[in-house]
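Everything numeric here is computed off the predicted structure, so don't read it as measured data.
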Amino acid sequence: MFLLGAGLAWSRMSFTPLQEKLAFLLLVYGAYANFIIIQSSSILGASKITPIAGAGLMATGPVETIMSVGLITVAIAMIVAVVLMIIGLYRYEGE
């Protein structure tokens, strides 16, 4: 859903070429990595960083660490992408 909304607003943003590429890649990474990591966490029973979704299950230490690091990178990527989008919207002058 978020990618759909970002795509609809994309034409209203004013980016430099580097900002546009970075925002696009971070949005795509964040969306797909989030899906893959959450699905992997549910299959492997990792619940350290998502205790409500895990319902008391606990995976091995390395699996929990990998899932935690993955979700943290997703959060960082999405925050940076949203900040770039806000900057792009702010600089948009319209037609």
- Message: For a quick test of reading the model, state the closest non-hydrogen atom pair linking Ala23 to Ala81 and the distance between them.
- Response: O-CB, 4.2 Å
Output a table of donor-acceptor pairs, distance under 3.5 Å, between side-chain atoms of residues 30-42 and any protein atom two or more places apart or on a different chain; print 'none' if there are none.
unit_1 : atom_1 : unit_2 : atom_2 : d
Ser40  : OG     : Ile36  : O      : 2.8
Ser41  : OG     : Ile37  : O      : 2.9
Ser42  : OG     : Gln39  : O      : 2.7

- Message: Can you tell me how far apart CG (Leu4) and CE (Met1) are? Round to the nearest 0.5 Å.
- Response: 6.0 Å
- Within 6.0 angstrom of Tyr29 OH, more than 12 heavy atoms from elsewhere: yes
- Val83 and Leu3: same hydrophobic cluster, using ILVMFWY side-chain contacts below 4.5 Å? no
- Decide whether Phe24 and Met85 are clustered together by the hydrophobic rule: side chain heavy atoms of Ile, Leu, Val, Met, Phe, Trp, Tyr closer than 4.5 Å, transitively. yes
- Give, for atom CD1 of Ile79 and atom CG of Leu26, the distance between the pair rounded to the nearest 0.5 Å. 11.5 Å
- Item | For the student: nearest non-hydrogen atoms of Met13 and Ala6, plus distance | CE-O, 4.3 Å
- Hey, does the side chain of Glu64 reach the backbone of Gly61 with a donor-acceptor pair shorter than 3.5 angstrom? no
- When hydrophobic residues are tied together by side-chain contacts of less than 4.5 Å, even through go-betweens, does Leu71 share a cluster with Val63? yes
- Query: Roughly how far apart are Leu25 CG and Glu20 CD, rounded to 0.5 Å?
  - Reply: 10.5 Å
- Message: Are Leu27 and Ile76 connected into the same hydrophobic cluster when the rule is that any two of I, L, V, M, F, W, Y join if their side-chain heavy atoms are below 4.5 Å apart?
- Response: yes
- Taking atom CZ of Arg12 and atom CG of Leu89, what is their separation to the nearest 0.5 Å? 10.0 Å
- Message: Side-chain heavy atoms nearer than 4.5 Å, only ILVMFWY residues, links allowed to pass through others: does that put Ile49 and Val69 together?
- Response: no
- Message: What's the separation between atom OG1 in Thr65 and atom NZ in Lys48, rounded to the nearest 0.5 Å?
- Response: 5.5 Å
- Should the pair Trp10 and Phe15 be assigned to parallel (<30°), tilted (30 to 60°) or perpendicular (>60°) ring geometry? tilted
